[in-house]
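Both backbone and side-chain heavy atoms feed into the values below; hydrogens, waters and symmetry mates do not. It should be emphasised that the depicted structure is a prediction, and the values quoted were computed from it without experimental measurement. Numbers restart at 1 for each chain; the letters A, B, ... are given by sequence-line order, proteins then strands.
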Number of protein chains: 2
Amino acid sequence: MANDAFKALAHPLRRDIVERLSGGVATVGDVTRDFGVSKPTISRHLKLLEEAGVVSRVIDGRTHRLALRPEALAEASDWIESQRERWERLFDVVGEYLEERKERG
Amino acid sequence: MANDAFKALAHPLRRDIVERLSGGVATVGDVTRDFGVSKPTISRHLKLLEEAGVVSRVIDGRTHRLALRPEALAEASDWIESQRERWERLFDVVGEYLEERKERG
DNA sequence: TATATAGTTAGCACAATGGCTAACGATGCG
DNA sequence: CGCATCGTTAGCCATTGTGCTAACTATATA
């Protein structure tokens, strides 16, 4: 599920859509108006974002209200952070080792 | 630069490579051995990761030492977090508004 | 009921992605 | 020098991604 979040965020237009939605709920038409792309194209991007769990959809009559799903975003950034921290931690150990060597001469 | 980080992380194998590298520096051969994929394929993925700024490369004779670039990872997770927080903040405001309405009846 | 509006689906064209093998360049070592 | 090793490049092919327009479904509204 959240695995697909990265794939979803890989496309610049989809990142723009995410930024748009972070500013508030919007309909397909709203998003289409904001970017110079056809509605079917926006529709497909939104579907992909939804399937990746990044976006939720509430259908109200003939309009769809799209919103961010912060859990998916959190999962994605958590994964990145865990990798980064693992690497940083490793670096600290190497740093300590070099420090130790230096002290010993 | 870091824009491409998401594209780089979009592929499952590249995320696996990142996880491998978060555990320590490795050569192209090391990475190839760990995953059941041909060396040219790994080479291309590493090149992409490098071009996205996610990975750094130090050439030492005929071997290349690949390492994570934590800055790129930090940038990527920061972007996600900022979108998530913007949305959460918005949600809090809406929550307060609804709370206020409830109090007023 | 007729018409407009919101959104999706279908189908097409084209570019990009990702895997492979074969071949190459460059370094290390006997 | 001759050969092995590390890694990249080139070329092929199948698949996926992304944009469009046209056409469709479904809901709202006059």
Regarding B:Asp4 and B:Lys7, does a basic nitrogen lie under 4.0 Å from an acidic carboxylate oxygen?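 No, B:Asp4 and B:Lys7 are not salt-bridged.
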Output yes when A:Glu81 and A:Arg84 qualify as a salt bridge under the 4.0 Å nitrogen-oxygen rule, no when they do not.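 Yes.
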Is there a side-chain contact between [X] and the phosphate of [N], meaning an N or O under 4.0 Å from OP1 or OP2?
{"X": "A:His11", "N": "D:dG19", "answer": "yes"}
{"X": "B:Arg44", "N": "D:dG7", "answer": "no"}
{"X": "B:Lys7", "N": "C:dT17", "answer": "yes"}
{"X": "B:His45", "N": "C:dT17", "answer": "no"}

Name the nucleic acid region contacted by [X], choosing base, sugar-phosphate or nothing; use a 4.0 angstrom heavy-atom cut-off, strictly under.
{"X": "A:Thr41", "answer": "base"}
{"X": "B:Arg65", "answer": "nothing"}
{"X": "A:Ser38", "answer": "base"}

Among [options], find the nucleotide with the atom closest to the side chain of [X].
{"X": "A:Val37", "options": "D:dT18, D:dT8, D:dC20", "value": "D:dC20"}
{"X": "B:Ser43", "options": "D:dT9, C:dG18, C:dG7", "value": "D:dT9"}
{"X": "B:Pro40", "options": "D:dT21, D:dG7, D:dT9", "value": "D:dT9"}
{"X": "A:Arg62", "options": "C:dT8, D:dA28, D:dG19", "value": "D:dA28"}

Heavy atoms within less than 4.0 Å of DNA chain C: which residues of residues 19-27 of chain B have one? Give them sorted by number.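 Those residues whose heavy atoms fall under 4.0 Å from DNA chain C, taken from residues 19-27 of chain B, amount to none.
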